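Okay, so here's the structure we're looking at.
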Amino acid sequence: MKPLHEQLAVIKENVVDLLPEEDVIMKLERSIKNNTPLRIKLGLDPSRPDIHIGHAVVLQKLRQFQDLGHLVVLIIGDFTATIGDPTGKSKTRPALTIEETRHNGTTYVMQAAKILDMYRTEVLYNSSWLDLLSFRDVIRLTSQYTVAQLLERDDFTKRYRANEPISLHEFLYPLIQAYDSVAVKADIEVGGTDQKFNLLAGREIMRGSGAEPQCILTMPIIEGTDGVEKMSKSLDNYIGLTDSPKDMFGKTMSIPDSLIPRYLQYACFAPSDEVTLVKQGLQDGSLHPRAAKVDIAKRIVARYHGQSAGDEAFAEFERVFVKKDIPDVIEERSLPYAQTDVITLLVDTQMAASKSEARRLVTQGGVSLDAVKITDPYAVVDISEQRILRVGKLRFLRVIGA
RNA sequence: GGGCAGGUACUCAAGCGGCCAACGAGGGCAGACUGUAAAUCUGCUGACUUAUGUCUACGGAGGUUCGAAUCCUUCCCUGCCCA
């Protein structure tokens with residue numbers, strides 16, 4: 001194992017909080033002395049199975065721990081996910097069945113494997129210990145925390161002040177997560193800065209249970225492609241790890257220029273002196289923002305799809321958006337008729353959700369067939385030969401009639 | 001248990017008997033423009049055989065009325081105050 005100061009330097013890279021640092025040092029020293037890896041915990045919510053590059057910031061940190069010889073403990077929150085949110089206010093927490101959580105958990109882990117070293121990863125489902133707790137155990141757990149402490153959490157404070165409902169069980173979530181730390185004997189728990197409260201609650205509960213409290217490490221939450229909100233699936237401003245190279249590239253190109261340094265640092269994990277260099281270049285005009293974004297987009301695609309995919313995605317992007325040509329790979333769809341009106345064609349190919357929508361698209365000039373714009377919603381089109389249907393700037397479909 | 005205020009489209013939020021498929025904002029979609037799927041500007045944004053037409057929709061169920069998101073009854077849900 002590497003000496004303390006070297007490890008600490010790697011661990012502190014890009015982090016927001018590392019608390020309490022002296023405990024981290026103590027744990028590291030002990031780990032080196034006994035040649036025992038630290039247990040680094042990350043909790044995952046399987047109600048949303050898609051990982052995006054925002055999550056990747058945290059996973060990358062875990063990977064660094066692994067490269068230093070430590071062990072990552074991934075906890076799939078299947079227990080919590082099956083409870084859901086009975087207030088029904090938040091659709092972000094639909095109650096899932098056990099099967100769904102298992103399925104999501106598996107896909108989650110497969111995606112995480114793009115970044116993590118799975119030989120140094122332990123995957124656990126929290127239902128395996130939470131299901132065993134009795135009501136007595138739960139009450140004992142709740143007695144270790146106070147209402148005032150819970151209300152300190154930012155979103156609880158806000159909702160309470162705004163007279164918005166807070167279900168009792170929501171108070172339990174931080175405690176459940178904290179109990180997970182007890183169950184897996186976490187040395188350090190990692191999460192986004194939005195998790196700081198929950199991570200700290202873990203310390204309290206561990207102490208109360210007679211365990212050695214974990215340390216906490218938080219990573220920045222990166223903004224989504226809109227540049228304002230945090231990246232999240234529900235806001236649809238995310239770049240998914242399983243997105244196609246084309247989508248990854250395009251989504252990255254669509255970020256506002258102001259986000260370039262952050263994406264370079266946290267999505268590409270570029271060294272800090274390179275980030276500084278790019279910032280300077282952008283400021284004095286020697287680096288064109290578009291060039292900087294192309295570079296970032298290529299690197300992101302290359303990271304998850306391989307080097308050549310990055311270059312291909314770039315070429316494709318140039319062709320479709322800069323030269324306004326059609327992409328080289330287009331989905332194909334055969335239809336049971338040789339000719340029909342545009343409206344029907346759009347609906348049948350699911351390029352429009354309803355006939356009204358199809359009509360709107362046509363009227364607005366968003367529909368073309370073989371690069372010929374169709375503006376008459378009653379136009380009858382012949383598809384006995386294969387033709388390229390285009391809706392908006394981005395959606396292409398090769399149609400072939402019977 | 002009592003009192004009060006609320007529940008409107010994807011979200012927030014107006015409307016408080018006909019002019020309401022419902023102001024406005026955000027979001028989404030399309031168009032123009034552009035280094036880009038950015039920014040900006042413009043338009044659209046319940047569905048249906050596109051019709052000064054029909055149907056569905058303003059928490060649920062009933063009712064009053066020629067006519068209800070708007071009034072009444074009742075039920076469900078949320079917040080606040082009192083107990």
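Every chain is numbered from 1 and lettered A, B, ... according to where its sequence line falls, protein lines coming before strand lines. Treat the numbers as computed from the prediction; the structure is a model and nothing was measured.
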Along RNA chain B (nearest heavy atom to each residue), the more 5'-positioned of A:Lys293 and A:Tyr378: A:Lys293
Name the one of A:Ile221, A:Ile53, A:Val275, A:Ile222 that satisfies side-chain contact (heavy atoms from CB on, under 4.5 Å) with A:Tyr266? A:Ile222
Quickly work out the A:Lys246 NZ to B:A37 P distance and round it to whole Å. 13 Å
Across the strands shown, which category fits A:Gly250 at heavy-atom distances under 4.0 angstrom: base, sugar-phosphate, nothing? base
What about A:Phe171 and A:Tyr145, are their ring centers closer than 6.0 Å? no
Whole-Å gap separating P (B:U78) and CZ (A:Arg159): 13 Å
Closest listed nucleotide, where the reference is the side chain of A:Lys373 and the choices are B:A38, B:U36, B:G31: B:G31
Checking all strands, does A:Pro377 fall into the base, sugar-phosphate, or nothing category for heavy-atom contacts under 4.0 angstrom? nothing
Nearest-nucleotide check on RNA chain B, A:Ser354 vs A:Met253; residue mapping nearer the 5' end is A:Met253
For A:His288 and B:U34, what is the distance between atoms NE2 and C1' respectively, to the nearest whole Å? 10 Å
Looking only at the side chains, is there a donor atom on one of A:Asn14 and A:Gln265 sitting less than 3.5 Å from an acceptor on the other? yes
Between B:U11 and B:C58, how far apart are the two P atoms, rounded to whole Å? 14 Å
Would A:Gln386 and A:Arg333 count as having a side-chain donor-acceptor pair, cut-off 3.5 Å? no
Can you check the A:Tyr263 OH to B:U36 C1' distance for me, whole Å? 14 Å
Give one of base, sugar-phosphate or nothing for A:Asp226, where a contact means two heavy atoms less than 4.0 Å apart. nothing
From the set B:G79, B:G35, B:A37, return the single nucleotide nearest to any side-chain atom of A:Pro165. B:G79
Select base, sugar-phosphate, or nothing to describe what A:Leu394 touches, counting heavy atoms under 4.0 Å on all strands. base
Can you tell me how far P in B:U56 sits from the matching atom in B:G6, rounded to whole Å? 30 Å
Whole-Å distance, A:Arg290 CZ to B:U34 C1', equals 11 Å
Under 4.0 Å, heavy atoms only, any strand: does A:Phe314 hit a base, just the sugar-phosphate, or nothing? nothing
Tell me whether the side-chain N or O atoms of A:Gln364 pair up with the base of B:G43 as donor and acceptor below 3.5 Å, since no angle test is needed here. yes
Nearest of B:A37, B:C80, B:A47 to any side-chain atom of A:Arg360? B:A47
Just N and O in the side chain of A:Ser356: are any of them under 4.0 Å from OP1 or OP2 of B:C48? yes
Carefully, step by step, assess A:Glu13 and A:Lys61 under the rule salt bridge (Lys or Arg N to Asp or Glu O under 4.0 Å). CA-CA 9 Å; A:Glu13 215 170 80; A:Lys61 177 53 66 182; 5.5 Å; no
How is A:Lys355 classified with respect to the nucleic acid when contacts are heavy atoms under 4.0 Å: base, sugar-phosphate, or nothing? sugar-phosphate
Can you check the A:Arg395 CZ to B:A37 C1' distance for me, whole Å? 14 Å
Rounded off to whole Å, could you give me the CD1-to-P distance for the A:Ile260 and B:A39 pair? 14 Å
Does A:Gln66 offer a backbone N or O that forms a donor-acceptor pair with the side chain of A:Arg63 under 3.5 Å? no
Between B:U8 and B:A57 - C1' atom distance, rounded Å: 10 Å
Atom-pair distance (CD on A:Glu229; P on B:U11), nearest Å: 16 Å
Using the P atom on both, measure B:A69 against B:U64 and round to a whole Å. 16 Å
